[in-house]
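Hydrogens, waters and symmetry mates are skipped; everything else that's a heavy atom, side chains included, is used.
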Amino acid sequence: MRNIVAKGWIQLAVLGAALYFAIDGIQILIDYSMGFITYEASFVRASRIALVLAGAIAFLLKKKILALTSFGRNVVKAIMIAAAFSFAAFLFCYTATDSDGVVRHRAWSWERHGWDEAVKATTAAYIEEFYSSTRRNRLRAVLEYRIHFKDGSSVNVWDDASSLSKLDKYVRSKGIPVEHGEADPIILNHLRKYADGDPDVIRRLLSR
């Protein structure tokens, strides 16, 4: 009996890990299939949690480990609906660049700017203060590779080092000037913590 229970928990752990990292695979698939230069999805963390939680509940129900009352069934339904919405938001809310320009997709809107509308690109890395529901005056690192357009709008298209390096070369090949703004030494000295990819590449992109 003990072995059966242990096997069940191992299976649950494997399922949870698979669902957690499935988000990465989906991002890679979208990026590759759409031909994006950079691609940054929204609600990634929420989608991971929702997918793992929904998978765990489904597993426990299938194995009859979890018995539900009427109230419990309603709670599970609410969790599954929330998980579905989180996953949909992950799929349909993103910011990306390709050979045609910059696209910002949201569940309720879709915005595209061609490269001929871009007037400049700017980089920045700074620490900002923000309000948290659990604790006030928290700090977070903000990294930007921002494309500015003729209509006065701008879009931050920050991504991993490799994708940003490709984008930077593409932007410069289009004759779009790149200006470098503030680069906080705290971030520059701890790039492995704040950015994905080769720190030397990120450092060059921020302060070239």
**OP:** Using a cut-off of 6.0 Å, state whether more than 12 heavy atoms not belonging to I186 lie near its atom CD1.
**Re:** no

Quick check: is [Y] connected to [X] through a chain of hydrophobic side chains (ILVMFWY, heavy atoms under 4.5 Å apart)?
X: I202; Y: L188; answer: yes
X: Y194; Y: V142; answer: no
X: I127; Y: Y145; answer: yes
X: I81; Y: V52; answer: no
X: L191; Y: Y126; answer: no

Shortest non-hydrogen separation from [X] to [Y] and the atoms involved:
X: A121; Y: I176; value: N-CG2, 4.0 Å
X: H105; Y: W110; value: CD2-CD1, 2.7 Å
X: A161; Y: V201; value: O-CG1, 3.7 Å
X: T123; Y: L206; value: OG1-O, 3.5 Å

Would you call [X] and [Y] a salt bridge, using N to O less than 4.0 angstrom?
X: D168; Y: R172; answer: yes
X: E117; Y: K150; answer: no
X: K166; Y: D159; answer: no

Test item: [X] side-chain N/O and [Y] main-chain N/O as donor-acceptor pair under 3.5 Å:
X: D160; Y: D196; result: no
X: D98; Y: G101; result: yes
X: T97; Y: T38; result: yes
X: S207; Y: R203; result: yes

**OP:** Sequence neighbours left out, what passes ring-ring contact (aromatic ring centres under 6.0 Å, His included) with F149? Give chain and number order.
**Re:** H113

Original post:
What pairs with H148 under ring-ring contact (aromatic ring centres under 6.0 Å, His included), at least two apart in sequence or on another chain?
Top reply: none

**OP:** Start with the C-alpha distance between V171 and V178, add both sets of side-chain angles, then the distance that settles side-chain contact (heavy atoms from CB on, under 4.5 Å), and finish with yes or no.
**Re:** CA-CA 8 Å; V171 166; V178 180; 4.0 Å; yes

Original post:
Could you go step by step and tell me if I57 and M80 meet the side-chain contact (heavy atoms from CB on, under 4.5 Å) rule?
Top reply: CA-CA 9 Å; I57 291 173; M80 291 301 189; 3.9 Å; yes

**OP:** Would you mind reporting whether R48 and D24 have side-chain heavy atoms less than 4.5 Å apart?
**Re:** yes

Subject >> Geometric class of the Y94/Y39 ring pair [parallel <30°, tilted 30-60°, perpendicular >60°] >> reply: tilted

**OP:** Test side-chain contact (heavy atoms from CB on, under 4.5 Å) on T95 and N156 and set out the steps.
**Re:** CA-CA 8 Å; T95 301; N156 182 19; over 6 Å; no

**OP:** Apply the test side-chain contact (heavy atoms from CB on, under 4.5 Å) to residues D100 and R112: give CA-CA distance (whole Å), side-chain angles for both, the deciding distance (0.1 Å), then the verdict.
**Re:** CA-CA 9 Å; D100 294 322; R112 174 178 279 281; 3.6 Å; yes

Subject >> Residues forming a side chain to side chain contact (heavy atoms under 4.5 Å, CB included) with Y170, sequence neighbours excluded >> reply: I37, S99, W115, S173, K174

Original post:
Hey, what do you get for CD1 (I147) to CZ (R104), rounding to the nearest 0.5 Å?
Top reply: 12.0 Å

Subject >> Polar side chain donor-acceptor pair, S154 to R146, under 3.5 angstrom >> reply: yes

